[in-house]
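The chains referred to below are lettered A, B, ... by the order of the sequence lines, with proteins before strands, and numbering in each begins at 1.
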2 protein chains.
Amino acid sequence: MTTMPGPVLGDLDARVAQRLATGGVRYTKGRRLVVRALGRAGGPRSAAELHGRLRPGIPLSSLYRTLTVLADAGVLARSHDGHGVALFELAEWLRGHHHHLVCVECGRVEDVDVGDEHERTLTGVVLAVGAAGDLEVTGHRIDIEGVCGACRA
Amino acid sequence: MTTMPGPVLGDLDARVAQRLATGGVRYTKGRRLVVRALGRAGGPRSAAELHGRLRPGIPLSSLYRTLTVLADAGVLARSHDGHGVALFELAEWLRGHHHHLVCVECGRVEDVDVGDEHERTLTGVVLAVGAAGDLEVTGHRIDIEGVCGACRA
DNA sequence: CACTATAATGATATTGATTCTCACAATACA
DNA sequence: TGTATTGTGAGAATCAATATCATTATAGTG
């Protein structure tokens, strides 16, 4: 169980549409394609990966602009792989809180849902450590590094 | 207490020298400067920051090469900031295991040492989650995000 | 100490991901 | 239908990072 479809993938479009509407941002065909592709993905994806996978060949420049617009609107979250390449995924309020399994061999990143029990434990430590470091904690990001099944084979 | 000098900063040079020697890599003046600068820093730093701080103006191209050499030799660890810019810090065997406090306002990243007790807790959860996700865990990386004291003021 | 092989440096050119520009197309709404 | 506004596509520009290459420094050796 390395991935889990969020409970809301069904009305993903509807939720994104509403969010964009309140910001006066249009939910165009290209933007829909990107959101759906990321909804299907099991982890954060780069612009290049999305560009290769999206069928009606969206030009890279438009894709980058779309990703930026969606990120600015709070629909997508942006992170980076081990080489500084930008990765995009659905924002937490769409995808649900989760962390990442990172393969140190192939670099692949996959979502992992931590159970409530474990998440409570993590949050407790994070809050304590952040407070001790004079940080007003707003969130945390955990990457679990190792060798994935495919790379072990 | 947001930072803590590792127990080995005194003989940092000696430890790095030995490590490089076994790899047939010279510990030159420029490389010493970079290692010491990172030994003084309280967190990971970008090439640009180091370039600005290093006194005998080392050219950027040389600095990048130095950073790459030291990272390849296992002396430095490489990560990335919120914009994909590479950050460098002393490797774990030199600096000691730690995590990062990230200010979401100014982007500054500072080291934070988690106590043994908390670290054991984190490791336990990480191993359990990694195993459940079919990952042979080799390490973990935790960024605690929030607003730093300076930005709150 | 001088000599040679090897490794490191500095200046510059190049790459690659990402962003910007601008003319054109699509959409919303009066 | 007309008009203002927003989005798109193609290509140029940017910027961090890397590669190239001639020059310089260093470690060993005789």
Side-chain angles (χ1 to χ4, degrees), chain A residues 13 16-35 37-38 44-73 75-89 107 109, chain B residues 13 16-37 44-73 75-89 107 109:
Chain A
D13 265 353
V16 172
Q18 172 165 9
R19 173 83 171 223
L20 293 182
T22 67
V25 178
R26 295 181 190 159
Y27 195 25
T28 63
K29 192 182 305 189
R31 293 173 184 175
R32 267 173 221 278
L33 286 173
V34 170
V35 166
L38 285 174
R45 299 289 178 254
S46 70
E49 279 178 289
L50 291 169
H51 182 248
R53 207 174 307 284
L54 286 176
R55 209 51 332 269
I58 298 177
L60 255 187
S61 66
S62 297
L63 178 53
Y64 271 111
R65 182 155 17 98
T66 293
L67 291 169
T68 301
V69 166
L70 293 175
D72 288 350
V75 171
L76 302 185
R78 184 196 297 251
S79 58
H80 296 274
D81 74 359
H83 298 290
V85 174
L87 301 179
F88 297 85
E89 63 186 327
V109 183
Chain B
D13 265 351
V16 172
Q18 173 165 8
R19 173 82 170 222
L20 293 182
T22 69
V25 177
R26 295 182 191 160
Y27 195 25
T28 63
K29 192 181 304 189
R31 293 174 185 174
R32 266 173 222 277
L33 286 174
V34 170
V35 166
R36 287 185 191 143
R45 298 291 178 253
S46 70
E49 280 178 290
L50 290 169
H51 182 249
R53 207 173 308 284
L54 286 175
R55 208 55 326 271
I58 296 176
L60 256 186
S61 66
S62 298
L63 178 54
Y64 271 113
R65 193 179 3 182
T66 294
L67 291 169
T68 301
V69 166
L70 292 175
D72 289 350
V75 171
L76 301 185
R78 184 196 299 250
S79 58
H80 295 273
D81 73 2
H83 297 291
V85 173
L87 301 180
F88 298 85
E89 63 186 326
V109 183

When every non-hydrogen atom of A:Arg31 is compared with those of A:Arg26, the smallest separation belongs to NH1-O, 2.7 Å
For side-chain contact (heavy atoms from CB on, under 4.5 Å), just list the numbers for B:Asp81 and B:Val109, CA-CA rounded to whole Å, side-chain angles, deciding distance to a tenth of an Å, and then say yes or no.
CA-CA 8 Å; B:Asp81 73 2; B:Val109 183; 5.6 Å; no
Nearest non-hydrogen partners of B:Ala73 and B:Leu20, listed with the distance:
CB-CD2, 3.6 Å
Main-chain N/O of B:Pro59 paired to B:His51 side chain as donor or acceptor, under 3.5 Å
no
I need the minimum non-hydrogen distance between B:Val34 and B:Leu70, along with the two atoms involved.
CG1-CD1, 4.1 Å
Return the value, rounded to whole Å, for the distance between atom CG of A:Leu63 and atom C1' of D:dG7.
14 Å
Could you give the CG-to-P distance, from A:Leu20 to D:dT6, as a whole number of Å?
14 Å
Sugar-phosphate or base contact per nucleotide [nucleotides 23-30 of chain C; S, B, -; heavy atom under 4.0 Å]
----B---
Between A:His80 (side chain only) and B:Gly84 (backbone N and O only), is there a donor and an acceptor less than 3.5 Å apart?
yes
Short side-chain to backbone donor-acceptor contact, A:Arg45 and A:Phe88, under 3.5 Å:
no
Donor-acceptor pair, B:Arg78 side chain versus B:Ala86 backbone, under 3.5 Å?
no
Protein-nucleotide distance (A:Ile58, atom CD1; D:dG11, atom P), rounded to Å
17 Å
In whole angstroms, the gap separating C1' of D:dG7 from CZ of A:Arg31 amounts to 6 Å
Set out, line by line, the N/O atom pairs under 3.5 Å between protein and nucleotides 17-19 of chain D.
unit_1 : atom_1 : unit_2  : atom_2 : d
D:dA17 : OP1    : B:Ala86 : N      : 2.6
D:dA17 : OP2    : B:Tyr64 : OH     : 2.3

How bent is the helix from C:dC1-D:dG30 to C:dA30-D:dT1, comparing axes over its five end pairs at each side, to the nearest 10°?
20°
Side chain of A:Thr66, backbone of A:Ser62: donor and acceptor closer than 3.5 Å?
yes
Between C1' on C:dG10 and NE2 on B:His51, what's the gap in Å once rounded to a whole number?
11 Å
Roughly, in whole Å, what's the span from NZ in B:Lys29 to C1' in C:dT9?
12 Å
Taking CG from A:Leu50 and C1' from C:dA17, how many angstroms apart are they, rounded to a whole number?
14 Å
Is B:Val25 touching bases, backbone alone, or none of the nucleic acid, heavy atoms closer than 4.0 Å?
sugar-phosphate
Closest heavy-atom contact between B:Ala47 and B:Leu60?
O-CD2, 4.3 Å
Starting at atom OH of A:Tyr27, determine the distance to atom C1' of D:dT8, rounded to an integer number of angstrom.
17 Å
Between B:Arg32 (side chain only) and B:Asp13 (backbone N and O only), is there a donor and an acceptor less than 3.5 Å apart?
no
